Asks: 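One structure, as structure tokens, below. Some questions next.
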Amino acid sequence: MVSRVIPVDVFDLVVFGGTGDLAQRKIIPGLYRRYWGGHIPPESNIIGAARSELDDMGYRALAREAIAEYVSEDKRDPEVIEAFLARLSYVAIDAKGTDGWDVLKTRVRKGTVQAFYFSVAPSLFGDLAERLHLHEIANAESRIVVEKPFGRDLESAKALNAVLAQHFTEAQIYRIDHYLGKETVQNLMAVRFANILFEPLWKSEYVDHVQITVAETVSVDGRGSYYDRAGAMRDMVQNHMMQLLCLIAMEPPYHFDPDAVRDEKLKVIRALDPVLPDDIVRGQYQAGNGQGGYLEHCEDPASKTESYIALKVHISNWRWKGTPFYLRTGKRLRARTSEIAITFREPPHSIFDDAEGWRENVLVIRLQPNEGMNLKVMIKEPGPGGMRLTQVPLDMSFAEALGESGTDIPDAYERLIMDVIRGNQTLFMRGDEVEAAWGWTDPIIEGWEKRGDKPMPYDAGSSGPEDALMLMHRDGRRWREIRE
Ligand code: NAP
């Protein structure tokens, strides 16, 4: 199966923070891959901007290195690389200063799609937005892309929204949550709304509970000072996991249209109950197996920041009343895996005597690794042993099912940048959505801060703190094993 290549319109993309880690690891390699894939018209320009004194050649050399390091060999065609690099240029600019802006103005063409990617610290977003207008570089059609974290609480998120709103309309602002750019995350919507199969069962009457797991093996070493101010709740739950929860729980939008989808997600966030202290387990990894513990990786030896969190969440609406959503995420866990598991209820009446063999139907949507779906169904155990039941997986790896094109799934950033150029905001968070998410998150964080709760220690390479197991055990349920 070959995916269709529909090139986007010619564009000028300015990457503020173009020398930074994100630009070098994701944005530039991602743009190259789309150029290689024929999505980017050759007349488009990419302009790096940061304070470093570089010229165009110097910036191209940086980009060349980034492509060599982060693009797979099969896509590194020397001719295509040279053609791509020829579209790159660089302007030295200080977001807080005055130099460089007039030069930038001459580089951004009128009449082409203009996008400005703010790949810098959020404290600079306001300065960039202001200067783009002051120097009459941006116009009413320009788009700005802003990175996470979008605030650290409701108040700061509101302040950020307000500062951007002074210069750009909501339709011009693309708040990135790269989880929404993942193939499987979008597939969640396709699975739910392009099939009749699941939707009739997609409600508390038939769904016992939902588990959402985002487990990482990495530590916070190297980004400890940022992470220690955030913790798992701010870094993962408020944004990525909230988005997954919304896509699983939302009502069908009337159309696959940016505001229709985002309206439905917002309704889910607004229907979230406050979380009780007993329904929260926070953890912090400790040293082990020759690896440092969290406290060695952050700057505060008495830090109470969580590197792991598990929560039981309820959604108060007709569809989900009575079906808990269990969320967990953490660093330095035993495997790197992200999945959503929907566990269905028991059939109302069993006609088989083999009650012991019976297991619930579970639909598992794997986000990584090996994106795909797995539906566990009951069948008869083969052989002459009478009517005994056994559970088998109907397993589908998207890469296998889609053949060649499935192994070439674009990275989330590539897809999202192309959506910015196309002017499609469906996979970007709206301002009110972000604020509502913080509005739910803030009291939870304030609660544990007020109580002075300390995170529970857990061994690096384990499945998280013991108490997280209890969170489910006491409800007569258990977490799925964390494994690749
Ligand atoms: P970084 O490596 O520290 O890069 C920051 C960039 O901003 C550099 O290019 C830096 O270049 C530029 N910069 C700093 N001060 C500036 C100023 N006053 N005026 C103009 N440019 C300035 O940071 P990063 O990791 O790339 O992150 C960028 C943004 O993406 C942040 O908001 C971060 O939270 C977000 N993000 C990053 C990742 C990731 O994986 N890295 C993931 C998710 C979100 P000069 O020093 O030359 O000016």
Side-chain angles (χ1 to χ4, degrees), residues 13-31 46-56 58-59 61-63 65-66 69-70 88-101 103-104 116-132 134-135 137 144-152 156-157 160 163-164 173-182 214 216 218-232 234-241 243 329 331 336 411-417 420 427-429 434:
L13 171 68
V14 178
V15 184
F16 291 108
T19 55
D21 175 67
L22 184 70
Q24 296 297 309
R25 271 192 318 114
K26 293 287 183 186
I27 302 172
I28 298 293
L31 285 165
I46 296 152
I47 303 144
R51 290 168 307 176
S52 304
E53 288 300 333
L54 283 175
D55 58 13
D56 293 349
Y59 192 60
L62 263 187
E65 280 171 33
E69 192 165 350
Y70 298 110
L88 261 62
S89 64
Y90 182 80
V91 181
I93 251 176
D94 186 339
K96 289 181 172 295
T98 49
D99 290 350
W101 292 95
V103 181
L104 184 62
F116 301 92
Y117 199 129
F118 292 6
S119 181
V120 293
S123 57
L124 298 175
F125 291 175
D127 296 297
L128 290 177
E130 192 183 318
R131 280 163 180 73
L132 282 171
L134 191 71
H135 296 273
I137 301 172
I144 58 167
V145 184
V146 293
E147 263 298 336
K148 84 160 211 188
F150 199 87
R152 70 181 315 273
S156 53
L160 252 174
V163 91
L164 295 179
I173 304 171
Y174 291 72
R175 293 176 196 78
I176 282 222
D177 183 327
H178 71 270
Y179 258 62
L180 285 176
K182 286 178 186 282
V214 178
E216 297 179 285
V218 290
S219 69
V220 303
D221 203 10
R223 58 191 283 259
S225 60
Y226 156 74
Y227 191 90
D228 201 46
R229 290 194 67 241
R234 287 190 173 96
D235 191 49
M236 292 299 293
V237 178
Q238 184 273 345
N239 38 56
H240 306 319
M241 298 190 83
Q243 290 297 325
T329 181
K331 304 278 182 201
R336 176 172 179 259
D411 175 67
Y413 278 92
E414 311 172 22
R415 180 194 315 277
L416 292 174
I417 296 171
V420 172
L427 301 174
F428 296 83
M429 292 177 297
V434 179

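Just so it is clear, the model here is predicted, and its values are computed rather than measured. Each ligand, and each atom within it, is numbered from 1 in the order the structure gives. Keep in mind that the numbers below use all heavy atoms, side chains included, and drop hydrogens, waters and symmetry copies.
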Asks: Using the side-chain contact (heavy atoms from CB on, under 4.5 Å) rule, take W101 and R131 through it: C-alpha gap first, then chi angles, then the decisive distance, then the call.
Replies: CA-CA 8 Å; W101 292 95; R131 280 163 180 73; 3.5 Å; yes
Asks: Suppose we measure from atom 28 (C) of ligand 1 to each protein heavy atom; which comes out shortest, and what is that distance?
Replies: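 The closest heavy atom on the protein side is S119 O, 3.3 Å.
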Asks: Taking only heavy atoms of G20 into account, list the atoms of ligand 1 that are under 4.0 Å away from them.
Replies: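 By the 4.0 Å cutoff, the relevant atoms are 2 (O), 4 (O), 8 (C), 9 (O), 26 (O).
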Asks: For I27 and L22, run side-chain contact (heavy atoms from CB on, under 4.5 Å): C-alpha distance rounded to whole Å, both residues' side-chain angles, the deciding distance at 0.1 Å, then the answer.
Replies: CA-CA 6 Å; I27 302 172; L22 184 70; 4.1 Å; yes
Asks: In the complex you have, is atom 3 (O) of ligand 1 within reach of the protein, judged by whether a heavy-atom distance drops under 4.0 Å?
Replies: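 Protein heavy atom within 4.0 Å of atom 3 (O) of ligand 1: absent.
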Asks: Of the protein's non-hydrogen atoms, which lies at the shortest distance from atom 19 (N) of ligand 1, and what is that distance?
Replies: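 For atom 19 (N) of ligand 1, the nearest protein heavy atom comes out as A95 N, 2.8 Å.
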Asks: Numbering the atoms of ligand 1 from 1, which are under 4.0 Å from a heavy atom of I93?
Replies: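 Matching atoms, with element in brackets: 19 (N), 20 (C).
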Asks: Which atoms of ligand 1 have any heavy atom of A50 under 4.0 Å away?
Replies: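 Answer for ligand 1: 9 (O), 11 (O), 21 (N), 45 (P), 47 (O), 48 (O).
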Asks: So, S89 side chain and D56 main chain: donor-acceptor pair closer than 3.5 Å or not?
Replies: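 Checking the backbone N and O of D56 against the side chain of S89, no donor-acceptor pair under 3.5 Å is found.
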Asks: Tell me, which protein residue and heavy-atom name are nearest atom 47 (O) of ligand 1, and how many Å apart are they?
Replies: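 Sorting protein heavy atoms by distance from atom 47 (O) of ligand 1 puts S52 OG, 2.4 Å first.
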Asks: Which atom pair, heavy atoms only, marks the closest approach of K96 to L124?
Replies: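 Looks like CE-CD2, 3.7 Å.
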Asks: Please state which option from K148, Q24, K96 has its nearest heavy atom closest to atom 34 (O) of ligand 1.
Replies: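 Comparing heavy atoms across K148, Q24, K96, the nearest one to atom 34 (O) of ligand 1 lies in K148.
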Asks: Please state which part of R51 comes within less than 4.0 Å of ligand 1, counting heavy atoms only: side chain, backbone, both or neither.
Replies: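 Both backbone and side chain.
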Asks: Going through the distances and angles, do R25 and Y413 end up as a side-chain contact (heavy atoms from CB on, under 4.5 Å)?
Replies: CA-CA 10 Å; R25 271 192 318 114; Y413 278 92; over 6 Å; no
Asks: Regarding atom 44 (C) of ligand 1: of the candidates E147, H178, E53, which has the closest heavy atom?
Replies: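 The option holding the nearest heavy atom is E147.
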Asks: Between Y70 and Q24, is the side chain to side chain donor-acceptor pair (under 3.5 Å) condition met? List the steps.
Replies: CA-CA 9 Å; Y70 298 110; Q24 296 297 309; over 6 Å; no
Asks: Can you tell me if K148 and H240 form a side-chain donor-acceptor pair at under 3.5 Å?
Replies: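 Yes, H240 and K148 have a side-chain donor paired with an acceptor closer than 3.5 Å.
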Asks: Please write down residue, atom name and distance for the protein heavy atom closest to atom 12 (C) of ligand 1.
Replies: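 The answer is G17 CA, 3.8 Å.
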Asks: Using heavy-atom distances only, which candidate in D94, D21, V15, N239 approaches atom 18 (N) of ligand 1 most closely?
Replies: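 The option holding the nearest heavy atom is D94.
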Asks: Using modelled atom types only, decide if a donor and an acceptor are shared between the side chain of R234 and the backbone of P149 within a distance under 3.5 Å.
Replies: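 A pair under 3.5 Å: no.
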Asks: Give me the nearest non-hydrogen protein atom to atom 38 (C) of ligand 1 as residue plus atom name, then the distance to 0.1 Å.
Replies: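 The closest heavy atom on the protein side is L22 CD1, 3.7 Å.
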Asks: Just wondering, more than 12 heavy atoms not from D55 lying within 6.0 Å of its CG?
Replies: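 Yes, because the 6.0 Å sphere around CG of D55 holds more than 12 heavy atoms from other groups.
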Asks: Starting from atom 11 (O) of ligand 1, which protein heavy atom do you reach first, and at what distance in Å?
Replies: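 Ranked first by proximity to atom 11 (O) of ligand 1 is T19 OG1, 3.1 Å.
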Asks: What are the atoms of ligand 1, with element, lying closer than 4.0 Å to any heavy atom of P122?
Replies: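 Ligand 1 atoms under the 4.0 Å threshold to P122: 32 (O).
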Asks: Counting from 1, what ligand 1 atoms have a heavy atom of V120 closer than 4.0 Å?
Replies: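 Matching atoms, with element in brackets: 7 (O), 28 (C), 29 (C), 31 (C), 32 (O).
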Asks: Going by an N to O cut-off under 4.0 Å, is there a salt bridge joining R223 and D21?
Replies: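 Salt bridge absent between R223 and D21.
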Asks: Can Y174 and L416 be said to form a side-chain contact (heavy atoms from CB on, under 4.5 Å), step by step?
Replies: CA-CA 9 Å; Y174 291 72; L416 292 174; over 6 Å; no
Asks: Do the ring planes of F16 and F118 sit parallel (below 30°), tilted (30 to 60°) or perpendicular (above 60°)?
Replies: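 Rings of F16 and F118: perpendicular, over 60°.
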Asks: May I ask you to identify, for R25, whether its side chain, its backbone, both or neither come under 4.0 Å of ligand 1 on a heavy-atom basis?
Replies: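 The answer is the side chain.
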Asks: Which of the numbered atoms in ligand 1 are under 4.0 angstrom from any heavy atom belonging to L124?
Replies: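 Close to L124: 15 (N), 16 (C), 17 (C), 18 (N).
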Asks: Could you list which atoms of ligand 1 come closer than 4.0 Å to a heavy atom of P149?
Replies: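 Every atom of ligand 1 under 4.0 Å from some heavy atom of P149: 34 (O).
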